[in-house]
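Keep in mind that this is a model prediction, so the values were computed, not measured.
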Amino acid sequence: MKNKLLCLLVFFVGLICFISSAQNRINENLEKKEVKLKPKGFPVAPFKDTLFYVYNKVGSFSAENRAKAITSKIKSLYEDDIFRPDSLRIVPSDISFDIVYKDDFILMSILESDAKSENKTANEIAKRNFTAIKKAVIYQNENYSLLPKRIGFTAILILILSLVLFLVSKVFNKIKSYFSKRRETFFKGFRYKNINVLTPERQEYVLMRFISIIKIIAFILLVYVTLPFLFNIFPATHAYTTTIVKWTLTPIKAAFLGFVDFLPNLFTIIVIILIFRYSLKIIKFFVDEINKENIKVDGFYSDWAKPTFNIIRFLAYAFMLVIIFPYLPGSDSDIFKGVSVFVGILFSLGSSNAIANMVAGLVITYMRPFKIGDFIKIGDVSGEVIEKTALVTRIRTPKFEDITIPNATILSSTSTNYSANTKQSKDGLLIHTTVTIGYDVPWKDIHKALIDAALKTDMTEKEPVPFVLQTSLDDFYVSYQINVYTKEPTKQPRIYSSLHQNIQDSFNAAGIEIMSPHYNALRDGNTTTIPENYLKSDYEPPFFNIKNKS
């Protein structure tokens with residue numbers, strides 16, 4: 001009986017062990033199946049500790065990439081120095097629950113596939129992740145805030161910038177002091193020919209102003225280069241960094257690309273300029289030879305060479321600009337065309353008188369009525385031509401008055417050239433003056449006295465011999481005109497003065513009175529007007545007699 005009970009006990013113990021082992025095997029198989037069904041999770045650990053896992057991909061965005069993206073976005077919340085926990089919330093949509101910051105920044109989206117992977121609802125996972133993110137960011141901001149570090153970096157950067165600006169200022173001040181102490185060596189003024197362009201004081205002032213401008217530009221560049229680093233310290237000002245860089249790089253890039261695109265046109269313009277330049281040099285060579293009279297062209301005077309070349313050069317440059325114009329950058333823009341038309345209208349409306357004078361100057365050049373150095377008379381103005389320009393002609397009178405006459409006025413007036421026939425191969429200018437003597441004096445005596453006076457006059461020619469013309473026989477007197485040659489037309493006032501003095505002396509020596517016969521007819525017996533040293537020793541004043549013819 002005891003053996004039977006013992007066998008039953010062993011049997012039941014063995015049965016229990018078998019059932020327990022089978023149960024364990026079933027549980028292990030179930031766990032293995034569950035592990036096989038649940039995908040691999042990727043941790044979201046922005047601050048070392050894992051907040052949660054991401055198991056599923058979204059489209060082509062793998063679970064690993066999703067975890068990295070969520071981690072990066074959570075870090076950006078921590079880097080935001082003004083984090084507002086109330087701005088973090090869950091926003092449900094048709095297909096997901098989104099954890100959003102400030103309405104537009106989506107940290108992550110929880111889909112139904114995420115819920116199935118964890119055997120929970122999407123709402124539950126969203127609340128769990130929301131709570132984990134919020135607590136982690138708040139904890140990091142309270143214990144490991146970046147704001148003091150950023151403020152410290154900002155202070156250090158400003159300090160470094162101030163130190164650099166101070167050193168740059170000292171360098172520029174040293175440069176100024178160096179030049180100021182050695183002003184006698186460096187500042188000697190600048191002269192071009194006889195023109196004093198810059199005095200030493202003015203030269204020093206210009207250099208100091210230039211150094212100051214360079215100093216200001218250096219300060220602006222240093223501050224401008226520092227601003228991107230300064231704005232990059234705080235996340236809220238990151239956008240300004242990109243903006244400042246764009247302000248610099250965009251125009252530089254546009255200018256560089258524009259220059260590269262303009263290179264073909266630039267080479268075309270250079271070739272056109274070189275062609276016209278060397279063509280004008282060839283023309284100028286022949287012009288200089290014609291001006292020197294080494295080359296003679298029938299009907300073309302040597303003094304026409306330079307004005308003609310100026311006209312050719314002007315037309316050539318105008319034609320060159322017309323050819324170059326289409327190759328200039330922006331020449332086809334409406335603004336460029338509008339400005340060109342506006343300038344053309346202003347030029348045409350405001351330069352009518354100037355153009356008239358230019359045309360008149362051109363006509364005068366080829367008429368050749370006078371040249372520089374000639375003594376001329378235009379209207380009431382007499383003097384030496386000292387300058388001829390495209391617009392005006394300047395004349396210096398014998399009183400050293402410089403008078404400017406527009407070329408249009410000269411063209412419409414009568415001009416007299418006193419120097420045209422004063423070359424060595426010609427007789428010279430014939431100057432003349434008139435005296436009136438009564439009929440009681442023999443004309444031969446008057447001729448002799450006038451010719452003697454002319455021969456004694458300075459700056460006159462002895463050959464051809466002076467001559468006298470009797471220009472009129474008036475009621476009371478005869479007009480005698482003495483003509484004498486001279487090759488000094490610019491000294492006419494002195495020649496006339498000397499001639500008149502000699503006429504007085506010659507007439508007095510010849511005993512001829514220069515006076516109006518009207519005065520002589522009323523003489524009452526007083527002494528003659530001839531000077532006493534010219535009278536004979538036995539001279540007696542005549543009496544005033546009235547004879548009666550009865």
task: Would you check if the side chain of Ser472 reaches a backbone N or O of Asp474 as a donor-acceptor pair within less than 3.5 Å?
output: no

field: Pairs satisfying salt bridge (charged side-chain N to carboxylate O under 4.0 Å, His left out), at least one member in residues 271-286, at least two apart
entry: Lys284-Asp288

message: Is it true that Thr308 and Tyr366 share a donor-acceptor pair across their side chains at a distance under 3.5 Å?
response: yes

field: Under the side-chain contact (heavy atoms from CB on, under 4.5 Å) test, residues paired with Ile216 that sit two or more places apart
entry: Ile220

- prompt: Can you name the side chain to side chain donor-acceptor pair (under 3.5 Å) partners of Ser212, sequence neighbours left out?
  reply: Lys176

Salt bridge (charged side-chain N to carboxylate O under 4.0 Å, His left out) pairs, two or more places apart, involving residues 358-386: Asp303-Arg368, Lys371-Asp374

- request: Please identify each residue that fulfils side chain to side chain donor-acceptor pair (under 3.5 Å) with Ser506, with sequence neighbours left out.
  value: none

Ile160 and its side-chain contact (heavy atoms from CB on, under 4.5 Å) partner, picked from Val164, Ile158, Leu163: Val164

- line: Across all chains, not counting sequence neighbours, the side-chain contact (heavy atoms from CB on, under 4.5 Å) partners of Asp261 are none

task: Indicate the ring-plane relationship of Trp443 and His447, choosing parallel, tilted or perpendicular according to the 30° and 60° boundaries.
output: perpendicular

task: Could you list the residues that satisfy side chain to side chain donor-acceptor pair (under 3.5 Å) with Glu401, not counting sequence neighbours?
output: Thr397

field: Sequence-distant partners of Asn294, side chain to side chain donor-acceptor pair (under 3.5 Å), two or more places apart
entry: Glu289

- request: Could you pull out all residues at least two apart from Tyr178 that satisfy ring pair (Phe, Tyr, Trp, His ring centres under 6.0 Å)?
  value: Phe186

Scan the side chains in residues 452-468 for donor-acceptor partners under 3.5 Å anywhere in the protein, sequence neighbours excluded, and list what turns up.
residue : atom : partner : partner atom : Å
Asp452  : OD2  : Lys448  : NZ           : 3.1
Thr457  : OG1  : Ala453  : O            : 2.8
Thr457  : OG1  : Asn502  : ND2          : 3.1
Thr460  : OG1  : Thr457  : O            : 2.7

message: Holding to ring pair (Phe, Tyr, Trp, His ring centres under 6.0 Å), I want the full list of residues that pass it with Tyr418, two or more places apart in sequence or in another chain.
response: Phe375

message: Looking at Phe259, I want to see if its CZ is surrounded by more than 12 non-hydrogen atoms of other residues, nucleotides or ligands under 6.0 Å.
response: no

message: Going by ring pair (Phe, Tyr, Trp, His ring centres under 6.0 Å), name the residues that satisfy it together with Phe105, two or more places apart in sequence or in a different chain.
response: none

message: Any salt bridge linking Asp402 with Arg396? Criterion: basic side-chain nitrogen under 4.0 Å from a carboxylate oxygen.
response: yes

Close side-chain approach of Thr436 and Phe476, heavy atoms under 4.5 Å: no

Under 3.5 Å donor-acceptor, Asn508 side chain and Glu513 backbone: no

